[in-house]
> 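Shown below is the structure under consideration.
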Number of protein chains: 2
Amino acid sequence: MVNTDIEIAQQAKMLPIDEVAGRLNVQEDQLELYGKYKAKLKDDFFHHSRNDKLGKLILVSAITPTPAGEGKTTTTVGLGDALNQLGKKTVIALREPSLGPVFGMKGGAAGGGYSQAVPMADINLHFTGDLHSIGAANNLLAALIDNHIYHGNEQKIDPKSITWKRCLDMNDRQLRNIVSGLQGNTNGVPREDGFDITVASEIMAILCLASDRADLKKRLKEIVIGFTYDKEEITAGDLKAEGALATILKDAFKPNLVQTLENNPAIIHGGPFANIAHGCNSVVATKTALKLGDYAVTEAGFGADLGAEKFVNIKCRQSGLRPSAGVLVATVRALKMHGGVKKEDLAKENLDAIEKGFANLKRHFNNMQQVYGISTVVSINQFPTDTERELALVQSLCEQEGIEAIRSTGWRDGGKGVVELANAVVNIAEVTEPAITFTYDDNDGLEDKIKAVVTKVYRGSGIQLSNKAKSKLREYEQLGYDHLPVCIAKTQYSFSDDVQLKGTPAEFTIQVRDVKLNSGSRFIVVLTGAILTMPGLPKRPAAENIDVDDKGVISGLF
Amino acid sequence: MVNTDIEIAQQAKMLPIDEVAGRLNVQEDQLELYGKYKAKLKDDFFHHSRNDKLGKLILVSAITPTPAGEGKTTTTVGLGDALNQLGKKTVIALREPSLGPVFGMKGGAAGGGYSQAVPMADINLHFTGDLHSIGAANNLLAALIDNHIYHGNEQKIDPKSITWKRCLDMNDRQLRNIVSGLQGNTNGVPREDGFDITVASEIMAILCLASDRADLKKRLKEIVIGFTYDKEEITAGDLKAEGALATILKDAFKPNLVQTLENNPAIIHGGPFANIAHGCNSVVATKTALKLGDYAVTEAGFGADLGAEKFVNIKCRQSGLRPSAGVLVATVRALKMHGGVKKEDLAKENLDAIEKGFANLKRHFNNMQQVYGISTVVSINQFPTDTERELALVQSLCEQEGIEAIRSTGWRDGGKGVVELANAVVNIAEVTEPAITFTYDDNDGLEDKIKAVVTKVYRGSGIQLSNKAKSKLREYEQLGYDHLPVCIAKTQYSFSDDVQLKGTPAEFTIQVRDVKLNSGSRFIVVLTGAILTMPGLPKRPAAENIDVDDKGVISGLF
């Protein structure tokens, strides 16, 4: 009988978190404990001078996700444990889970099996409160906007121009589109409005990209929430909001320290969407991990066309971070789906489908290695249903292309199942100068930046902009935002903007429906297709099975 | 120059919270630290057998509030410090502040001057995350309701009958009344909807009244969220929500331990509204304080007609708690306002107004002493502007009525300014058998219960029920909720339901507009007049002045 993730997590022999921190030479007074097994790291670690010896950064990404599951976080955790087994002091830097999916369909997000960060239930439920703080900051700004209009609208905000939405850390489709301010004079001003899930808030992206508290406040101040009737930007600074917002985020800005099942340090901090935002954990967390470890292993959301592209063109560009190696996670199951197999047929061996689906891996690998300039190794994350012939085939296909590919069994075996991968990563990182290649220059036009990603990364033939998108891009350029990078919101299930096109679609055009200025997180969001920023719950939500007993022990989390 | 509350708080010499806990014989492994100066107490303290020696409970209430401010929390904290100075091991049990008012007008809520609980900024900003957790539980239930309807509505919930609202810990009038579920088939089901502030959520009241985790889950299960088309109750249990809700509240259910400026223990936990809910801190916190101290000092929201009435008829009735003494806080300023003085004239000595306003104090004292059966002493909370003649007059008026009244200067002097009051409290508590008198019996009809409070406590002549309220009360009785106590939502600014009627209004009738079944918190809310359950922000919100510097030090909180 196989143990569930939460059962494994609950059996973990955790060390007190100050002991885990102590091994990194973090003193007790640099920690703020949240119970015995969680802590926040004080500001001491945010800054690093050029002279500090910094660790090597490893980026974990993946092929195009499928409903079969890839195990990117599981691989990241396992790789961290394995590197520690090899004697490399390694800190894992993960994204923070959202509460919404926990009660919906996806479940937890702290790895799986024997490659998990713990305490698993705490990490998935409120954790140290960061997401709620981000939500509160987001919603205070929203309340200040409507309050300003209600009390006479001195700034002449055009209510129809407001782009700032409210948010909740919940899957709640009912709140996607609302009309607020109803029922008379004392109850606000009626207007169309809506909620995003908290991880889609620009404040989440800001928190993840800010280099220190001063930069955080500057970015908060620069958030454009809408426009005046004369089409001039209205910022959070115009509403004198930045001080209160930064105050709400006082603790949320500090990285959280937990441990893996093997008692190695894991910093879990920040978790923006990888479509309408950049999908990477916070810059302060990554820099802290690099300051404390010889190695820092981090991941980026969805496939390498989304998370890794934004890791390079947004996170690295804004922060100066440079990876020493990359890992591309693939599974036999996912390759079979890219080769045309349906989910219900995955248990059957299918070598033809693997050969066909392999093209997806190859394109992502090529992006990692050539387009982003990150020396990369493939990790085949083994599932119990994979046959030896299937696994061997993936490896030989890789070999034919000169791609190093290594089997990993972190889910089943923890760190020792990822040692071979860890060795490969070390071999690359020890000889590679940290570097990346940007896909476009700051000085390129906004439309050219979008085109560059579409043609070089997605391998589409071009873009088609709606009139609205075209005129807004022109407007942003005139307002002086032409130097910002672009953050393309595209389905994670295809290189194209069509969810159905698995594998390696070609000759497609990306339809740009709309664009949005995120001046605080300092990128332009490019909306392709219908990207939901507020998920819904399934017919039988996971919430129905989650329980806690009279002693506070949780069950049904997965 | 006078220091502001936050300046005083920031200069405090706090002890590590495990040291504060240690003085109460709480072991380190019974604590969950949240930083160095905050902790949650583990479940060990929730239960007490009849054989345990319990401390004496002191209830602090007040006369009818005015914009002049009364200082109930300041007195509570000062009294706790003073009792500790007298060698009585005393634990303060306060309500948890809401984030909304911090950014609006009211400011913080952890006492004032030299009678404060600290760390003040933390307590006022997220604290240990309880309010956000309560909000998340509230909003998960809301999402599950709409999700159920969206996916086919097996339970036949009548959308128009839904009484469960969403909530945010924010002052945001724009969200009071909304239409949600707009824009087509995949985005929910359009209906009228709205948000309350989190402290108005029934889940807050449930958390505060539950005796242990089993009772918490049972209450969550019994929440009635609306009715079927056939007018049958739909509960959270019908949606299989109680396990997930209890899981979300896993940590929020544990009381929080902090300290006063004088390093005495303060448990701050739970904070429901004192109008549409019962306005008292949690039962588990109060019982924990009684278990750890010789004395526990707690408070109830607004004046003694609201908070103290509900303390008796709801909190004590449901929990078995019984106070040994009561304190009624009054100020010269407030008495002058009850005597007809306007706020701008408060600085001027006015003995006539005090004589006139004294009737308000007398009625509240009589309620405390005779109606609720709590032996009570009056605390005159001194302000710098009070003249000696004014203070002496209040004392002599009290003396004429056989009321013990003592001046306190906790705001200026901390515990030593409240020692005389503490001595008086001890004198009462040491000779008084803990007891209360309920204002009505469980078996009285619901309408009779409302009448009893209105005539015996408010001293009105009777009640007038709207047809809607009348028929809903009948319906609740038929459904078997006739045994529940009533929770009257009335303005805090008058004994009557008319805000303008200060002092001691007589011959008034209370208009009952509507009633609402809160089956989880186990009371019937009785709505009189227009009670706002979602505040708004003022034209110049406090948020504009709140700031945090590059090192994380907060300013502008008051």
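Order of the sequence lines fixes the chain letters, A, B, ..., with proteins taken first and strands second; residue numbering starts at 1 for each chain. Quick note: numbers below take in every heavy atom, side chains included, and nothing from hydrogens, waters or symmetry partners.
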> Chain B heavy atoms under 4.5 Å from A:Leu537: which part of the residue, side chain, backbone, both or neither?
both
> Classify the ring geometry of A:Phe195 against B:Phe195: parallel below 30°, tilted from 30° to 60°, perpendicular beyond 60°.
parallel
> Are the charged groups of B:Lys36 and A:Asp29 less than 4.0 angstrom apart, N to O?
no
> Is it the case that over 12 heavy atoms from other parts of the model lie below 6.0 angstrom from the NZ atom of A:Lys221?
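No - once you tally the heavy atoms of other residues, nucleotides and ligands closer than 6.0 Å, there are 12 at most.
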> Using a cut-off of under 4.5 Å on heavy-atom pairs, state which of A:Pro190, A:Gly188, A:Gly35 scores highest against chain B.
A:Gly35
> Ion pair present between B:Asp122 and A:Lys250, side-chain N to carboxylate O less than 4.0 angstrom?
yes
> Heavy atoms only, distances under 4.5 angstrom: which of B:Ile554, B:Leu249, B:Asp215, B:Leu140 has the most pairs with chain A? Name it, please.
B:Leu140
> Set out, in order, the CA-CA distance, both residues' side-chain angles and the distance that settles side-chain contact (heavy atoms from CB on, under 4.5 Å) for B:Glu32 and A:Lys38, then state yes or no.
CA-CA 10 Å; B:Glu32 280 174 19; A:Lys38 310 182 290 280; 5.9 Å; no
> I'd like to check B:Ile248 versus A:His126 (side-chain heavy atoms, cut-off strictly below 4.5 Å). Are they in contact?
yes
> Any chance you could measure A:Leu532, atom CG, to B:Thr186, atom OG1, to the nearest 0.5 Å?
7.0 Å
> Salt bridge between B:Arg173 and A:Asp146, side-chain N to carboxylate O under 4.0 Å?
no
> Would you please test B:Tyr34 and A:Thr128 for side-chain contact (heavy atoms from CB on, under 4.5 Å) and show each step?
CA-CA 9 Å; B:Tyr34 281 65; A:Thr128 56; over 6 Å; no
> Below 4.5 Å from any heavy atom of chain B, which atoms of A:Leu168 appear? Answer side chain, backbone, both or neither.
side chain
> Taking every heavy-atom pair that is under 4.5 Å apart, which of A:Gly152, A:Gly135, A:Ser180 has the most such pairs with chain B?
A:Ser180
> Working to the nearest 0.5 angstrom, can you tell me the gap between A:Glu544 CD and B:Lys240 NZ?
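If I round to the nearest 0.5 Å, the distance is 4.5 Å.
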> Please confirm whether the backbone N or O of A:Thr247 pairs with a side-chain atom of B:Asp547, one donor and one acceptor, at under 3.5 Å?
no
> Using a cut-off of under 4.5 Å on heavy-atom pairs, state which of A:Leu175, A:Asn171, A:Leu99, A:Leu125 scores highest against chain B.
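Winner by heavy-atom pair count: A:Leu175.
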> Going from CG on A:Asp549 to CZ on B:Arg213, what distance comes out if it is rounded to the nearest 0.5 angstrom?
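These two atoms lie 8.5 Å from each other.
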> With a 4.5 Å cut-off on heavy-atom pairs, point out which of B:Lys539, B:Arg191, B:Lys40, B:Gln174 contacts chain A the most.
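The answer is B:Gln174.
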> Roughly how far apart are B:Met170 CE and A:Leu144 CG, rounded to 0.5 Å?
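One gets 8.5 Å once the value is rounded to the nearest 0.5 Å.
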> Can you name the nearest heavy-atom pair linking A:Ala543 to B:Ala244, along with the distance?
O-CB, 3.4 Å
> With a 4.5 Å cut-off on heavy-atom pairs, point out which of B:Gln183, B:Glu154, B:Met534 contacts chain A the most.
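Between B:Gln183, B:Glu154, B:Met534, the count favours B:Gln183.
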> Once you round to the nearest 0.5 Å, how far does CG of A:Asn187 lie from CD1 of B:Ile178?
12.5 Å
> Kindly check if the number of other-residue, nucleotide or ligand heavy atoms within 6.0 Å of CD (A:Glu28) is above 12?
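Counting other residues, nucleotides and ligands, CD of A:Glu28 stays at 12 neighbours or fewer.
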> Can you tell which part of A:Asp169 gets under 4.5 Å to a heavy atom of chain B, answering side chain, backbone, both or neither?
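Interface part for A:Asp169: neither.
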> Can you tell me if B:Glu19 has over 12 outside heavy atoms packed within less than 6.0 Å of its CD?
yes
> If you round to the nearest 0.5 Å, how far is NE2 of A:His151 from CZ of B:Arg540?
9.5 Å
> Salt bridge or not between A:Arg166 and B:Asp172? Use side-chain N to carboxylate O under 4.0 Å.
yes
> If we ignore hydrogens and angles and just use 3.5 Å, is the side chain of B:Asp43 paired with the main-chain N or O of A:Gly552 as donor and acceptor?
no
> Looking at B:Gly129, B:Gly536, B:Ser555, B:Ala214, which one has more heavy-atom pairs under 4.5 Å with chain A than the rest?
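When all of B:Gly129, B:Gly536, B:Ser555, B:Ala214 are compared, B:Ala214 has the most.
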